[in-house]
Enquirer: 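If you scroll down you'll find the structure; I have some questions about it.
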Amino acid sequence: MSGRPRLDLARLPTPFEPAPRLAEHLDVASVYVKREDMAGYALGGNKLRQLDFILAEAIAAGADMLIATAGSQSNFCRSLAGAAAKLGLGCHLHLRARMGTEHVGNLLLDDIFGAEVTFTQNTDPWHPAIKDEIEAIADDYRRQGRSPFVVQLTGVSANVGVAGWMSGAAELVEDFKAIGRMPDIVVVVCGSGLTAAGLALGFKHLEVPTRVMGVSAQQPEARLRKWIIETANAAAAWMGIETRLSGQDLDIVDDEIGPGYGIPSAASLAAVKTAGRLEGLVLDPVYTGKGMAALIGAAEKGLFGKASSIVFLHSGGTPGLFTHASAFERSAPQ
């Protein structure tokens, strides 16, 4: 739908599965789970759709080295490292140390996939200093005769990330046709917000009434909404389509951030157990678990009618579950 070149590394379409026991628990007509955790290499996840487009650009540019930045337990960076391994490219990850530097979870996988890892003490993913640091790393590689390609979802790669999830919106519309109804809402967790941006833009472009509910795992609602709208519209102009988003085209909630980005909350720990015990789903307590907590909380507040049909986008993040195993030992019995 975006008209941009892409690779075919992700295993698409991903499954679209009914979750009847969860629907009964939430007292709604139906719940479906879009299984992006089953998208393919490197333990899957929603970032693989974006990487199909980003890596097409990198290869076209003649890159032999990928450089990216995010949090130290970034699912995106783990996926990028896995993709680099598949394609025979170098990979350097410059990660925010605040989420921890222990050699577990995604950091362990980054190592297994052969990525070079360095850390920054900057904590704001949009801070200009982050861009300066990764550009300095790229310059070092250029001096070594390499051809680096910088990937930053909160910067130079944002348009491509939105394009990846416009294609995901089109795939979901086919899923909706297969079940014979247009769900009322798709719940998606937001870090950089590009998945929500691409979905909302794609649904509006395709004139689909399904609403996107973005659950922030990191940023306050006002900042995230502004970024999503601006980025979606910049991406639309870049792709040459006329559709534009406004602030009324999607919902953003930020009441499940809890203690902070990358830190489990009591609600997210309980939500992980609920999803596991009702549907056999494996969520993590710092990302998808917070999305499920928002979904459960909205149902408990009566925000959905009994006739509602809901889609939960399972964006992956499995390594984060094992990183926070000790938090489940401390949580109250369910």
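The model shown is predicted, which means the values in this text are computed figures rather than measured ones.
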Enquirer: Under the ring-ring contact (aromatic ring centres under 6.0 Å, His included) test, which residues partner His94, sequence neighbours left out?
Expert: none
Enquirer: Can Lys131 and Glu135 be counted as an ion pair, charged N to O under 4.0 angstrom?
Expert: no
Enquirer: Between Arg143 and Asp140, does any NZ, NE, NH1 or NH2 come within less than 4.0 Å of an OD or OE carboxylate oxygen?
Expert: yes
Enquirer: Of the non-hydrogen atoms in Ser167 and Phe53, which two are nearest, and what is the gap between them?
Expert: OG-CE1, 3.9 Å
Enquirer: Please evaluate residues Val253 and Glu221 with respect to the criterion side chain to side chain contact (heavy atoms under 4.5 Å, CB included), reporting the C-alpha separation (whole Å), side-chain torsions for both, the decisive distance (0.1 Å), and the verdict.
Expert: CA-CA 6 Å; Val253 298; Glu221 180 271 337; over 6 Å; no
Enquirer: When clusters are formed by joining ILVMFWY residues with side-chain heavy atoms under 4.5 Å apart, either directly or through shared neighbours, do Phe76 and Leu9 land in the same one?
Expert: yes
Enquirer: What is the minimum heavy-atom distance between Leu48 and Ala10, and which atoms define it?
Expert: CB-CB, 3.9 Å
Enquirer: Testing the basics here: between Thr123 and Arg98, what is the closest heavy-atom pair and its distance to 0.1 Å?
Expert: CG2-CD, 3.7 Å
Enquirer: Closest heavy-atom contact between Ser30 and Arg181?
Expert: OG-NH1, 3.9 Å
Enquirer: With a 4.5 Å cut-off on side-chain heavy atoms, are Arg4 and Val160 touching?
Expert: no
Enquirer: Which pair of non-hydrogen atoms, one from Cys91 and one from Met65, has the smallest distance, and what is that distance?
Expert: N-SD, 3.5 Å
Enquirer: Checking side-chain polar atoms at under 3.5 Å, does Ser315 have a donor or acceptor matched by the opposite partner on Thr288?
Expert: no
Enquirer: Can you give me the closest heavy-atom contact between Gly45 and Ala39, atom names plus distance?
Expert: O-CB, 3.8 Å
Enquirer: Any chance you could measure Asp249, atom CG, to Arg244, atom CZ, to the nearest 0.5 Å?
Expert: 12.5 Å
Enquirer: Quick one: sort the His92 and Tyr141 rings into parallel, tilted or perpendicular, breaks at 30° and 60°.
Expert: perpendicular
